[in-house]
2 protein chains.
Amino acid sequence: MKMKKATQILNELGFRKTEIRIKVLEYIQKIGKAVSQPELEKKFNTLADRVTLYRILAAFEEKGLIHKIMDVHGVARYAMCNEKHCTEHEHHDEHVHFNCTECGDVVCLDSIKVPDIKLPKSFSLSRLNLNIEGTCDNCQK
Amino acid sequence: MKMKKATQILNELGFRKTEIRIKVLEYIQKIGKAVSQPELEKKFNTLADRVTLYRILAAFEEKGLIHKIMDVHGVARYAMCNEKHCTEHEHHDEHVHFNCTECGDVVCLDSIKVPDIKLPKSFSLSRLNLNIEGTCDNCQK
DNA sequence: AATAAAAAGCAACATTGTTGCAATTTAATA
DNA sequence: TATTAAATTGCAACAATGTTGCTTTTTATT
Ligand SMILES: [Mn+2]
Ligand SMILES: [Mn+2]
Ligand SMILES: [Zn+2]
Ligand SMILES: [Zn+2]
């Protein structure tokens, strides 16, 4: 999985290349997990205000660059989108989100498709999030 | 679906039959939706303190009477458990939770089983919550 | 260098949720 | 019925996450 350079992505999406935006994007790209604002705040507290981080995440999400997941604790987390699937106007991140009860990590299990769910005809589906709790590979003893 | 009387349930679980506990339980039984503390607070603000409601919900959940769902907004909601499935020591509420984007209601689609998800062997699963967003039967135009 | 737009900072606030402790109420017992 | 222990509640204080309005700073363009 080749990563496009963060600065190039920011360019393409019409964002300005500020230090914090570059760092946040590179971090989310490399970490390979779904990160929360509080986590970013710990990492980058000298570089940016809390609110700035919230706004960066919101801006990235709006462009289809990252997607937002509510984790099992009700905290918003964000992870890279698959650029084949997501655009400014529509997200398609219908994969499993695994929440490890040991280390607290949340990861996208992109390879695990969520099976089609048949709803009663009177219901219509627009989005879906499958959170699974358990022990991740790192924490398996 | 016959409902056991609230007072009887409280008795059986070793709870005291206070007015607010009876009312809260009856409400959750009848409403047929997953309710949040803020909702209960609006309903019962003259009858009980905010904290009391949080504690009632936590107590009921611990006994396997109701189950806790994090909704798509990250707010905790609670709905009756199926007494065949849940006990003090173990919850089994692996059904779909439908979040209506129109009316905000969250309902348990108990009849819709969540298909088995095959995780990589290095992961172990302990719990699971499938939140679906869309338009519910009432809000369908 | 001047400019407009974007981004960031800061303060204030909202909402949801938790904890400690004192006061009250329930239910069991004498 | 009076006593009592335990359960329940109320209140105050706090924590965490998230939002909004407004000003200042920075970026990229002209
Ligand atoms: Mn994901
Ligand atoms: Mn449910
Ligand atoms: Zn783990
Ligand atoms: Zn609805």
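Each chain gets a letter, A, B and so on, in the order the sequences are listed, and its residues count up from 1.
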Euclidean distance, atom CG of residue B:Leu57 to atom C1' of C:dT18 [Å, nearest integer] =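 Spelled out: CG on B:Leu57 to C1' on C:dT18 is 14 Å.
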query = Under 4.0 Å between a Lys/Arg side-chain N and an Asp/Glu carboxylate O for A:Lys5 and A:Glu26?
reply =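 The answer is no: the pair does not qualify as a salt bridge.
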key: Span of DNA chain D, from the first to the last nucleotide whose atoms fall under 4.0 Å of chain A heavy atoms   =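 Endpoints of the contacted stretch of DNA chain D: D:dT17 to D:dA28.
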Applying a 4.0 Å non-hydrogen cut-off, can you work out what [X] is touching in the nucleic acid: base, sugar-phosphate, or nothing?
X       : value
B:Ala59 : nothing
A:Leu47 : sugar-phosphate
A:Ala48 : sugar-phosphate

ask   = How does protein contact run along nucleotides 19-30 of chain C, one letter per nucleotide 5' to 3', with B for base contact, S for sugar-phosphate only, - for none, heavy atoms under 4.0 Å?
value = BB-----BS---
task = Would you please confirm or rule out a distance under 4.0 Å between OP1 or OP2 of C:dA7 and any side-chain N or O of A:Arg21?
result =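 Checking A:Arg21 against C:dA7: at least one side-chain N or O falls below 4.0 Å of OP1 or OP2.
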task = Report yes if the side chains of A:Met70 and B:His73 come closer than 4.5 Å at any heavy-atom pair, otherwise no.
result =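 No, too far: nothing below the 4.5 Å cut-off.
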inquiry  = Looking at A:Lys113, I'd like to know if its NZ atom is crowded, meaning that more than 12 non-hydrogen atoms belonging to other residues, nucleotides or ligands lie closer than 6.0 Å.
reply    =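 Yes.
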message = Are more than 12 heavy atoms, taken from residues, nucleotides or ligands other than B:Glu62, located less than 6.0 Å from that residue's CD atom?
response =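 Atom CD in B:Glu62 is not packed in, count stays at 12 or less.
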task = Show your working on side-chain contact (heavy atoms from CB on, under 4.5 Å) between B:His95 and B:Ser111 and close with a plain yes or no.
result = CA-CA 7 Å; B:His95 45 252; B:Ser111 56; over 6 Å; no
task = Map A:Asp49 and B:Met70 onto DNA chain C by nearest heavy atom, then report which one ends up closer to the 5' terminus.
result =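 Taking each residue's closest nucleotide, the earlier one in sequence belongs to A:Asp49.
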key: Parallel, tilted or perpendicular: ring planes of A:Tyr27 versus A:Phe44, cut at 30 and 60 degrees   =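 Perpendicular, since the angle between the ring planes exceeds 60°.
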message = Between B:Phe98 and A:Phe123, is the ring-ring contact (aromatic ring centres under 6.0 Å, His included) condition met? List the steps.
response = CA-CA 9 Å; B:Phe98 189 89; A:Phe123 289 78; 4.7 Å; yes
Check against side chain to side chain donor-acceptor pair (under 3.5 Å), A:Asp71 and A:His97 = CA-CA 8 Å; A:Asp71 73 14; A:His97 291 120; over 6 Å; no
